[in-house]
Colleague: 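Below you'll find the structure I mean.
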Amino acid sequence: MLALIERIYKAAINPVKCAKEINALRFGIIGAAQIAPIALIWPARSHPEVVITAVAARDEQKARSYAKKHSIGKVYFGPTGYQQLIDDPDIDVIYIPLPNGLHFEWSSKALLAGKHVLLEKPSTDSAEETQRLFEIAKAKGLVIMEAFHYRFHPSYLRLKEIVNSGEFGKITSVKSELAVPAGFIKKDDIRFNYDLGGGSLMDMGVYPVSAVRNLIGSEPVSVITATHDAHIDPKIDRGVRATLEFPNDITAEVHSDLGIPWRMGIIPRWRHIHITVKLEGGEVSLSNFPGAWIYHTITITPKKGPKRTEKAYTLKGGKGEQWWTTYRYQLEAFVDLVRGRTPHTVMTEEDSINQMKAVEMVYSKLGLPARPLSKYVP
Ligand SMILES: NC(=O)C1=CN([C@@H]2O[C@H](COP(=O)(O)OP(=O)(O)OC[C@H]3O[C@@H](n4cnc5c(N)ncnc54)[C@H](OP(=O)(O)O)[C@@H]3O)[C@@H](O)[C@H]2O)C=CC1
Ligand SMILES: O=C1OC[C@@H](O)[C@H](O)[C@H]1O
């Protein structure tokens with residue numbers, strides 16, 4: 001319990017600070033987004049090679065109050081604010097926490113202006129756009145990385161290690177869910193906006209899809225079944241369930257929901273957040289994987305022998321503190337990548353492109369339209 005309080009305090013209440021190196025990477029944030037404090041601003045405080053130099057928001061007042069609240073020195077705003085931030089010669093890296101449908105345009109613009117990009121998930125609205133982003137980055141000699149933060153946390157890496165250890169033989173199936181009861185997400189949220197690349201699969205569903213692909217270590221060959229709960233906008237999936245077929249007779253179930261309706265309208269449903277891997281000799285699961293830095297349990301249930309549990313908040317023999325969040329581990333890896341060092345974990349180009357191919361396969365099976373392509377042409 002004390003360790004839990006310490007983690008929350010040091011990561012989110014009074015984020016740990018450190019001295020900065022003289023040549024620290026200077027980050028600019030496009031959009032005064034809700035996610036930026038936990039995903040970048042607070043983790044940056046304890047990274048000696050990261051400073052947050054500027055933020056851009058469409059509205060001047062919003063930009064100024066966000067900058068003040070987070071002690072960010074420079075602000076850009078108005079219709080040209082995002083582009084001004086990108087063109088600022090005092091910025092090395094652009095963090096993009098915009099609605100999904102704007103990821104392609106602003107990542108392209110940032111790369112074309114010579115900036116590295118840390119890009120929120122999902123990378124874009126389509127595999128084609130994601131591929132194009134990596135092509136631009138390669139042509140410019142820059143780094144772009146999709147911010148699938150859970151992948152960098154020691155708990156996920158430990159789950160993977162157990163699965164790949166051979167202790168329980170081969171994987172037979174995987175199930176992963178990220179579904180929350182109604183009430184957390186407002187009706188006018190970007191997540192419910194089709195034109196902005198919304199939908200349950202695009203928002204929460206990308207985590208289970210990404211996790212099952214990564215654990216199985218191959219790409220889905222087909223979507224066996226897929227169903228969704230509709231939103232007011234029929235092009236938007238509020239909740240999705242899909243079963244994917246992988247090579248070697250492995251199947252994966254994914255489930256996401258932006259708001260599971262309450263029982264009889266008055267009793268909230270329990271949230272479903274886990275990855276569970278069934279193997280020939282047992283089952284291994286990780287609870288609360290995107291929020292694993294707060295708490296999690298790795299449960300190992302052999303077919304023969306006693307059940308056991310583990311926790312993993314630090315990397316074996318690697319950098320990190322037990323209070324480092326998924327985002328702090330991710331930032332460490334991203335900076336290593338930009339600096340030309342070998343990160344402890346990385347999200348690759350191939351991974352991000354194949355991820356969007358899988359998302360497209362599920363939307364197609366659901367009979368829902370693919371998320372709209374950006375009108376921006378780099
Ligand atoms: N890694 C993680 O754990 C999480 C990642 N995300 C991802 O981060 C991104 C942003 O999510 P979140 O922070 O929750 O969203 P917010 O709505 O808080 O932020 C989105 C930002 O986009 C800007 N924006 C620009 N154009 C538009 C537009 N047309 N409509 C609405 N907003 C616009 C706004 O910036 P301005 O300030 O200029 O008005 C706003 O601050 C998404 O891609 C999401 O998938 C979200 C939550 C968790
Ligand atoms: O990336 C995310 O992670 C946590 C979810 O609650 C959120 O909707 C999503 O954007």
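Counting convention: from 1, in listed order, for ligands and their atoms alike.
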Colleague: For the residue pair H296 and H153, categorise the inter-ring angle as parallel (less than 30°), tilted (30 to 60°) or perpendicular (more than 60°).
Modeller: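 The arrangement is perpendicular - the two ring planes meet at more than 60°.
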Colleague: Please work out whether the ring planes of W324 and Y329 are parallel, tilted or perpendicular, with thresholds of 30° and 60°.
Modeller: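 Ring orientation, 0 to 90° scale: perpendicular.
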Colleague: Distance only, no hydrogens: is a donor on one side chain within 3.5 Å (strictly under) of an acceptor on the other, for T297 and K311?
Modeller: yes
Colleague: If you look at every heavy atom in A147 and K121, which pair is closest and at what distance?
Modeller: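 That would be O-CG, 3.8 Å.
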Colleague: Of all the non-hydrogen atoms in the protein, which one sits nearest to atom 19 (O) of ligand 1, and at what distance?
Modeller: A33 CB, 3.3 Å
Colleague: L98 heavy atoms, cut-off 4.0 Å: which ligand 1 atoms fall inside?
Modeller: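 Every atom of ligand 1 under 4.0 Å from some heavy atom of L98: 9 (C), 10 (C), 22 (O), 23 (C), 25 (C), 42 (C), 43 (O).
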Colleague: For the side chain of S108 and the backbone of F104, is there at least one donor-acceptor N/O pair under 3.5 Å apart?
Modeller: yes
Colleague: Would you please write out the protein residues whose heavy atoms approach any atom of ligand 2 to under 4.0 angstrom, listed by chain and number?
Modeller: K121, R191, D203, M204, Y207
Colleague: To check you understand the geometry: which heavy-atom pair defines the closest contact between L279 and F168, and what is its length?
Modeller: CB-O, 3.4 Å
Colleague: If we set the cut-off at 4.0 Å for heavy atoms, which region of E146 has an atom near ligand 1: side chain, backbone, both, or neither?
Modeller: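 Neither; no heavy atom under 4.0 Å.
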Colleague: Assess, by modelled atom type and distance only, whether the side chains of T301 and E283 contain a donor and an acceptor separated by less than 3.5 Å.
Modeller: no
Colleague: Evaluate whether atom CD of E167 has more than 12 neighbouring non-hydrogen atoms of other residues, nucleotides or ligands under 6.0 angstrom away.
Modeller: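 Result for CD/E167: enclosed.
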Colleague: Does ligand 1 have a heavy atom under 4.0 Å from the side chain of L102, from its backbone, from both, or from neither?
Modeller: side chain
Colleague: Heavy atom under 4.0 Å from ligand 1: found in E120's side chain, backbone, both, or neither?
Modeller: side chain
Colleague: Between H149 and Y156, is any side-chain donor less than 3.5 angstrom from a side-chain acceptor?
Modeller: no
Colleague: Note the single closest protein heavy atom to atom 40 (C) of ligand 1, along with its residue, its atom name and the distance in Å.
Modeller: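 Nearest protein contact, heavy atoms only, for atom 40 (C) of ligand 1 is K62 NZ, 4.0 Å.
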Colleague: Ignoring hydrogens, what is the shortest heavy-atom contact between H47 and K20? Give both atom names and the distance.
Modeller: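 Looks like O-NZ, 2.9 Å.
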Colleague: Do Y95 and E120 pair up side chain to side chain, a donor and an acceptor below 3.5 Å, judged on atom types alone?
Modeller: yes
Colleague: Taking distance alone, with N or O pairs closer than 3.5 Å, would you say I35 contacts ligand 1?
Modeller: yes
Colleague: Please identify which atoms of ligand 1 are closer than 4.0 Å to at least one heavy atom of P97.
Modeller: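 Reading through ligand 1 atom by atom, the close ones are 9 (C), 10 (C), 19 (O), 20 (C), 21 (C).
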Colleague: How does Y66 reach ligand 1, if at all, at less than 4.0 Å between non-hydrogen atoms: by side chain, backbone, both, or neither?
Modeller: neither
Colleague: Can you name the atoms of ligand 1, numbered from 1 with element, that are less than 4.0 Å from a heavy atom of H103?
Modeller: 43 (O)
Colleague: A39: heavy atom below 4.0 Å from ligand 1, yes or no?
Modeller: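 A39: no contact with ligand 1 (<4.0 Å).
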Colleague: Considering only heavy atoms of R191, which atoms of ligand 1 have at least one such atom less than 4.0 Å away?
Modeller: 14 (O), 46 (C), 47 (C)
Colleague: Relative to ligand 1, is M202 under 4.0 angstrom through side chain, backbone, both or neither, heavy atoms considered?
Modeller: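 Answer for M202: neither.
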Colleague: What heavy-atom pair brings I91 and L85 nearest, and what distance separates the two atoms?
Modeller: CD1-O, 3.7 Å
Colleague: Taking G259's backbone N and O only, do any of them form a donor-acceptor pair with R238's side chain (distance below 3.5 Å, no angle check)?
Modeller: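 Judged by distance alone, yes, a pair lies under 3.5 Å.
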Colleague: Which protein heavy atom lies closest to atom 29 (N) of ligand 1, and at what distance to 0.1 Å?
Modeller: R58 NH1, 3.5 Å
Colleague: Judged by modelled atom types alone, do S173 and T251 share a side-chain donor-acceptor pair under 3.5 Å?
Modeller: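 Absent: no donor and acceptor within the cut-off.
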Colleague: Going by the atom numbers of ligand 1, which of them fall below 4.0 Å from some non-hydrogen atom of L196?
Modeller: 29 (N), 30 (N)
Colleague: Closest non-hydrogen protein atom to atom 22 (O) of ligand 1, residue and atom name please, with distance?
Modeller: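 The closest heavy atom on the protein side is P99 CD, 3.0 Å.
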Colleague: Under 4.0 Å from a heavy atom of Y327: give me the atoms of ligand 1 that qualify, with their elements.
Modeller: 1 (N), 2 (C), 3 (O)
Colleague: Could you tell me the residue and atom name of the protein heavy atom closest to atom 15 (O) of ligand 1, and the distance to it rounded to 0.1 Å?
Modeller: I190 CD1, 3.4 Å
Colleague: Between F152 and Y327 (judged by ring centroids, cut-off 6.0 Å), do the two rings come close enough to count as a pair?
Modeller: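 Ring-ring flag for F152/Y327: false, centres at least 6.0 Å apart.
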Colleague: For atom 44 (C) of ligand 1, which protein heavy atom lies nearest, and how many Å away is it?
Modeller: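 Looking only at protein heavy atoms, the one closest to atom 44 (C) of ligand 1 is K121 O, 3.8 Å.
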Colleague: Counting heavy atoms only, which part of Y207 comes closer than 4.0 Å to ligand 1: side chain, backbone, both or neither?
Modeller: side chain
Colleague: Could you find the nearest protein heavy atom to atom 25 (C) of ligand 1 and give me its residue, atom name and distance?
Modeller: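 Among all protein heavy atoms, the one nearest atom 25 (C) of ligand 1 is Y82 OH, 3.2 Å.
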Colleague: One thing to verify: whether R158 and E161 come together as a salt bridge, which I'm taking to mean a side-chain N less than 4.0 angstrom from a carboxylate O.
Modeller: yes
Colleague: I'd like to know if R26 pairs up with D88 as an ion pair, taking the criterion as any Lys NZ or Arg NE/NH1/NH2 lying under 4.0 Å from an Asp or Glu carboxylate oxygen.
Modeller: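 Looking at R26 and D88, the cut-off is not met.
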Colleague: Which residue and atom name correspond to the protein heavy atom nearest atom 18 (O) of ligand 1, and how close is it?
Modeller: Q34 N, 2.9 Å
